Amino acid sequence: MTQSYVIIGDGIAGSSAAETLREEAPESDITVITDEGEALYNRILIKEFAKGKLPEAPISIHEEDWYAEREIDLALNTHVTEIDPDAHTIYTHESDTYEYDKLLVATGGTPTQLPVDNSDADGIHHFWTFQDARNIAEHAERADTGAVVGAGLLGIDLAAICGAQDIDANYFMRGNRWWRYALSEEGAEIIHDGLREKGVTPVFDSGVDAFVTDDDGKVTATVTPDGEEHDSDFVGVAIGLDFNVEVLQGTGVETDDGVVVDEYMQTNVDDIYAAGDLTRFYDTILNDHGQNGSWGSAKEQGQVAAKNMVADGESEAFRWVSSYSITHFDFPFLSFGHPTLGDNHIERKYSDTEWRRLALKDGKIIGGVLIGDLAPQSAFKQLVREERDVSGQTDVLLEEEVDLEELEAPQKEQ
Ligand SMILES: Cc1cc2nc3c(=O)[nH]c(=O)nc-3n(C[C@H](O)[C@H](O)[C@H](O)COP(=O)(O)OP(=O)(O)OC[C@H]3O[C@@H](n4cnc5c(N)ncnc54)[C@H](O)[C@@H]3O)c2cc1C
């Protein structure tokens, strides 16, 4: 009997799952449903478009033909509203129905809105879709003053866009540094200097209490907790993601700030799988559930999910060290694995633009941040994958050039 696979979401997780399904199950019916109006594009590159540095064309990854050539049905502008797991049927906003034998939920997340007055005013931007990037680029080109909130990996993109578009912007952060969960003050200072060089002013121990608008409802200023009003006709907010799990309501699928899946991307409900940003997956390296918002990880999860959808959960497990790089500055930046977790952290500064921090758990590296020199990344990722105990070997790990041969040989299991 022909198997029918339905995928909700045409981001990198959903799209890579569709491609893998076609390879693994050539005779099957495959449908991809997305509420966006365009097929898969490179979400990583939309910031370069918003900076005004890249035209639209190279950002698109798949034209609609790509799906037709693979006999994958693509439904654009279609929002899935409900799943009935007993009937193996999903429903869309236009009351269309699709039946599935196996379903993949790859719906990602939606940026969280600030819970303050006027947070939905004209001129306040959240950043997730290509359409958001078009709106940001169009507005940024004519804006003079800006405010950015959210001291993480997406907030810094909005700050860099302000810098590239010559907006005189403040970057309001809650604590005393950017991405305080992964960087110490010493490491973050390199980023702060990079921001200042772009004309963006980091403002610490701050935040946003409200936005001021004009008579047309356009944002004009940002109010900080000290009551100060800062001119800002352009605002970027990136304080986190709400995972798109509404569609799972009433299905019995376990959620816990994301969809809980095992290492085969299976949920607790038969025939429903999940992949990409929205999963809380069983990480076979951490030996615990973890989360990961990165392109490479979402792609790999989509592929692993597809193989397991075909093999009833008996194919390969997800085992992956993710990485996320930032290319806004004169120096490179890369975080890998789980840099915000761990019970011990070691770090060293090598120059004004070179710094390294490793996160360890039970004597094993589980993640880190490299600024300035990314050369050791493959050695560190190898150690993470090997789950190698490196306790007491800080000096070797923090040598400017990392030589794995200098590490003590791994202990054999008794
Ligand atoms: C500006 C920006 C810069 C980034 N930069 C980097 C980077 O440098 N490096 C890196 O590794 N990662 C980066 N990321 C993160 C990376 O893009 C994501 O981790 C990845 O795209 C997640 O893919 P996904 O398929 O899980 O989810 P998404 O790409 O979010 O796809 C989910 C899709 O599902 C659709 N959808 C949701 N609900 C429904 C529904 N009910 N019905 C139908 N469709 C639905 C959504 O509209 C969306 O198209 C960046 C993200 C952004 C926004």
Side-chain angles (χ1 to χ4, degrees), residues 6-18 31-51 54 59 61-62 74-83 90-94 96 98 103-111 125-137 150 152-161 236-238 240-249 258-259 261 265 274-279 281 291-303 305 320-328 332-336:
V6 174
I7 298 169
I8 315 174
D10 188 38
I12 185 61
S15 193
S16 65
T31 304
V32 178
I33 304 171
T34 173
D35 56 12
E36 290 196 60
E38 51 207 319
L40 179 69
Y41 54 84
N42 192 327
R43 221 177 271 293
I44 296 184
L45 285 184
I46 57 177
K47 57 193 150 202
E48 298 306 321
F49 176 81
K51 279 182 185 172
L54 200 66
I59 295 171
I61 296 180
H62 292 156
L74 174 69
L76 297 173
N77 296 309
T78 307
H79 187 73
V80 176
T81 50
E82 197 186 334
I83 301 169
I90 66 169
Y91 301 87
T92 74
H93 72 292
E94 289 186 319
D96 289 332
Y98 294 82
L103 175 68
L104 179 69
V105 181
T107 48
T110 304
H125 299 275
H126 297 87
F127 197 13
W128 197 257
T129 66
F130 202 168
Q131 193 48 47
D132 295 335
R134 293 181 184 108
N135 298 343
I136 288 171
L153 294 166
L154 282 183
I156 204 159
D157 288 347
L158 287 161
I161 290 164
V237 177
L241 271 191
D242 294 327
F243 297 113
N244 295 323
V245 295
E246 312 80 33
V247 79
L248 290 166
Q249 261 172 22
V259 180
V261 291
M265 301 294 124
D277 277 10
L278 89 169
T279 62
F281 60 94
Q291 256 170 328
N292 207 328
S294 73
W295 182 268
S297 168
K299 181 174 185 184
E300 178 74 10
Q301 286 197 6
Q303 291 166 345
W320 185 256
V321 184
S322 70
S323 49
Y324 195 116
S325 58
I326 293 177
T327 52
H328 299 308
F333 172 105
L334 179 115
S335 69
F336 64 94

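One-based numbering, in listed order, for ligands and for the atoms of each. Positions are given from 1 along the sequence. Computed from a prediction, not measured in an experiment: that's the story for all the values here.
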Practice item. For Ser297 and Trp295, indicate whether the former's side chain and the latter's backbone hold a donor-acceptor pair under 3.5 Å. Key: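 Checking the backbone N and O of Trp295 against the side chain of Ser297, no donor-acceptor pair under 3.5 Å is found.
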What protein heavy atom is closest to [atom], reported as residue, atom name and distance in Å?
atom                    : result
atom 3 (C) of ligand 1  : Asp157 OD2, 3.4 Å
atom 42 (N) of ligand 1 : Val80 N, 2.9 Å
atom 48 (C) of ligand 1 : Glu36 OE2, 3.4 Å
atom 2 (C) of ligand 1  : Leu154 CD2, 3.4 Å
atom 50 (C) of ligand 1 : Tyr324 OH, 3.7 Å
atom 27 (O) of ligand 1 : Gly108 CA, 3.6 Å
atom 30 (O) of ligand 1 : Trp128 NE1, 2.8 Å

Side chain or backbone, does [X] bring an N or O within less than 3.5 Å of an N or O on ligand 1?
X     : value
Ala13 : yes
Ile12 : yes
Asp10 : no
Asp35 : yes

Exercise for review: Identify, with sequence neighbours excluded, every residue that meets side chain to side chain contact (heavy atoms under 4.5 Å, CB included) alongside Glu36.
Suggested key: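 Scan of Glu36 (side chain to side chain contact (heavy atoms under 4.5 Å, CB included), adjacent residues dropped) gives Thr34, Tyr41, Arg43, Thr129.
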Exercise for review: Using the test side chain to side chain contact (heavy atoms under 4.5 Å, CB included), find all partners of Asn244 that sit at least two apart in sequence or belong to another chain.
Suggested key: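 With sequence neighbours excluded, Asn244 shows a side chain to side chain contact (heavy atoms under 4.5 Å, CB included) to Thr107, Thr110, Glu246, given in chain and number order.
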Minimum heavy-atom separation for [X] to [Y], with atom names?
X      : Y      : answer
Ile12  : Ala298 : CG2-CB, 3.6 Å
Leu40  : Gly11  : CD1-C, 3.3 Å
Leu158 : Ala238 : CD1-CB, 3.9 Å
Ser294 : Ser323 : CB-O, 4.0 Å
Val105 : Leu278 : O-CD2, 3.8 Å
Gln301 : Gly276 : OE1-N, 2.9 Å

Point to revise | Thr81, portion touching ligand 1 at heavy-atom distance under 4.0 Å | key: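 Near ligand 1, Thr81 shows nothing, with every heavy atom at 4.0 Å or more.
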Check your understanding: Taking non-hydrogen atoms only, is Thr129 closer than 4.0 angstrom to ligand 1 via side chain, backbone, both or neither?
Key ->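 Near ligand 1, Thr129 shows nothing, with every heavy atom at 4.0 Å or more.
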Would you tell me which option among [options] has the nearest heavy-atom contact to [atom]?
atom                    : options                    : value
atom 5 (N) of ligand 1  : Lys299, Arg43, Lys47       : Lys47
atom 1 (C) of ligand 1  : Phe243, Trp295, Phe127     : Phe127
atom 32 (C) of ligand 1 : Ser16, Gly9, Ala106, Gly14 : Ala106
atom 37 (C) of ligand 1 : Asn77, Thr107, Thr78       : Thr107
atom 22 (C) of ligand 1 : Asp277, Thr327, Val245     : Asp277

Check your understanding: What's the spacing between Tyr324 OH and Asn292 CG if we round to 0.5 Å?
Key ->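 Output value for this atom pair is 11.0 Å.
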Subset of ligand 1 atoms that lie under 4.0 Å from at least one heavy atom of [X]:
X      : result
Ser294 : 11 (O), 12 (N), 19 (O)
His79  : 40 (C), 41 (N), 42 (N)
Gly293 : 19 (O)
Ser325 : 8 (O)
Gly276 : 26 (O)
Gly11  : 25 (O), 29 (O), 31 (O)

Do [X] and [Y] come close enough that some side-chain heavy atom pair is under 4.5 Å?
X      : Y      : answer
Pro111 : Leu241 : yes
Val80  : Val6   : no
Ile161 : Ile136 : yes
His328 : Asp157 : yes

Check your understanding: Does NZ belonging to Lys299 count more than 12 external heavy atoms closer than 6.0 Å?
Key ->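 Open.
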Check your understanding: Is the closest heavy-atom distance from Ser15 to ligand 1 below 4.0 Å?
Key ->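 It does not; every heavy atom stays at 4.0 Å or beyond.
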